[in-house]
Amino acid sequence: HKNGIQVAIDGPASAGKSTVAKLVAKQFGYIYVDTGAMYRAITYKVLKSGLSLDNETAISDIVRSSEISFAPSDKGQLVYIDGEDITEAIRQEDVTNSVSAVSAISTVREELSADQQRIAINGGVVMDGRDIGSTVLPDAEVKIFLIASVEERAQRRYKENIEKGIDTPLDELQLEIEARDYKDSHRKISPLTKADDAVEIDTTSLSIEEVVEKIASVIKDELNSN
Ligand code: CDP
Ligand code: CDP
């Protein structure tokens, strides 16, 4: 690829994908693509339209006619749908609780995967999600699968929420994470799964810096082998 390699980072909820993917992208001067934000953006619009989550025809129309975009800012990456800034709205609980149902719909996956493939075509990209190494970018030169215990992942989400002034009980967060992982791993189309050639990293007792360093070293090995 003319701009560099493709780096795919997959794993369950709150394993640390987006946090480390952003830092890795920065280190190599690559673009970062948060595919979860794309599924969340469509879910936001579906909820706003008042559609039922099983109205696949109407949801398919939404995904075909919507324009999702990203823009950098000093507060981090902003997410837009049809020009509306939805950066914060897509992290709300209603979106989180409905995103797995929306992301299981075949037309939603087809449209968003095709967009993701177009963005990554020239390489120089770090993309995180659930099916990037297995389905979206099967030829990615580097594939990482991040995992962490569910207790640790619930703790991470708890801490994040507290910083935002939200105090959801820890056990509730753990149940939400388990339910979403179950749905994401058991859907018919491109479920969450570790690609055969992915490097698995258990981040349970690792710092963000340690995870970034491990991934950077896999990338450097790949770049040096060519
Ligand atoms: O950050 P968090 O772990 O909460 O999740 P996310 O990466 O924002 O993804 C939200 C949801 O989008 C996931 O639970 C999946 O249902 C869906 N998703 C997907 O199906 N495929 C992807 N490549 C990325 C996300
Ligand atoms: O994208 P994903 O849902 O996999 O996780 P995230 O939103 O990047 O990370 C969840 C939280 O875990 C963030 O608040 C990180 O600061 C924290 N964390 C981490 O990402 N990696 C570690 N090794 C330790 C903590």
Side-chain angles (χ1 to χ4, degrees), residues 8-25 32-44 46 53 63 68 76-77 79 86-87 89-106 108-117 119-120 126-137 140 143-164 173 176-193 195 201-215:
I9 303 183
D10 292 297
S14 284
K17 300 179 298 298
S18 60
T19 306
V20 299
K22 264 177 226 155
L23 293 166
V24 168
Y32 163 60
V33 185
D34 179 352
T35 67
M38 299 169 77
Y39 288 95
R40 284 174 179 274
I42 298 300
T43 305
Y44 167 82
V46 168
L53 296 179
V63 71
I68 299 168
Q77 186 167 264
V79 187
I86 52 165
T87 312
I90 60 169
R91 305 292 158 195
Q92 306 289 325
E93 214 168 326
D94 55 342
V95 172
T96 300
N97 289 332
S98 301
V99 65
S100 292
V102 173
S103 70
I105 298 171
S106 60
V108 172
R109 300 210 72 78
E110 280 159 19
E111 290 286 327
L112 295 185
S113 309
D115 288 345
Q116 292 153 13
Q117 286 167 342
I119 299 171
V126 180
M127 190 173 279
D128 82 328
R130 300 292 186 288
D131 61 340
I132 309 306
S134 60
T135 307
V136 178
L137 305 178
K143 297 182 186 177
I144 305 289
F145 198 75
L146 289 187
I147 57 163
S149 73
V150 69
E151 291 80 10
E152 169 67 18
R153 292 185 286 125
Q155 278 286 357
R156 291 178 185 174
R157 183 105 343 151
Y158 184 77
K159 229 175 115 196
E160 263 178 359
N161 277 350
I162 291 293
E163 279 158 19
K164 288 192 277 184
L173 291 175
E176 180 271 309
I177 288 174
E178 283 171 330
R180 198 145 54 91
D181 286 351
Y182 184 86
K183 285 186 215 150
D184 291 342
S185 309
H186 289 82
R187 66 174 174 238
K188 276 204 224 69
I189 314 154
S190 57
L192 167 65
T193 178
I201 301 174
D202 185 343
T203 76
T204 307
S205 51
L206 297 179
S207 69
I208 294 169
E209 294 70 30
E210 286 171 320
V211 181
V212 170
E213 203 168 307
K214 277 182 189 284
I215 298 174

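Each ligand, and each atom within it, is numbered from 1 in the order the structure gives. Atoms considered below: every heavy atom in the structure, side chains included; atoms not considered: hydrogens, waters and symmetry mates.
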State whether the shortest distance between N or O atoms of [X] and N or O atoms of ligand 2 falls below 3.5 angstrom.
X	answer
Ala13	no
Thr19	yes
Val211	no

Work out whether the distance between some heavy atom of Arg91 and some atom of ligand 1 is less than 4.0 Å.
-> yes
Would you please determine whether Lys183 falls within less than 4.0 Å of ligand 1 on a heavy-atom basis?
->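 Not so, Lys183 does not reach ligand 1.
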Heavy-atom nearest option to atom 23 (N) of ligand 2, drawn from Leu206, Asn161, Val212, Thr203 = Leu206
State plainly whether the residues Arg180 and Glu176 are in salt-bridge range, i.e. N to O under 4.0 Å.
->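 Salt bridge between Arg180 and Glu176, a charged N being under 4.0 Å from a carboxylate O: yes.
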Output yes when Arg156 and Glu152 qualify as a salt bridge under the 4.0 Å nitrogen-oxygen rule, no when they do not.
-> yes
Is Ala15 near ligand 2, meaning one of its heavy atoms is under 4.0 Å from it?
->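 Heavy atoms of Ala15 do come under 4.0 Å of ligand 2.
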Judged by non-hydrogen atoms, does Arg157 sit under 4.0 Å from ligand 2?
-> yes
Side chain, backbone, both or neither: the part of Arg187 lying under 4.0 Å from ligand 1 by heavy atom | side chain
Counting only heavy atoms, which portion of Ser190 has something under 4.0 Å from ligand 1: side chain, backbone, both, or neither?
-> neither
Identity and separation of the nearest protein heavy atom to atom 12 (O) of ligand 2 | Arg156 CD, 3.1 Å
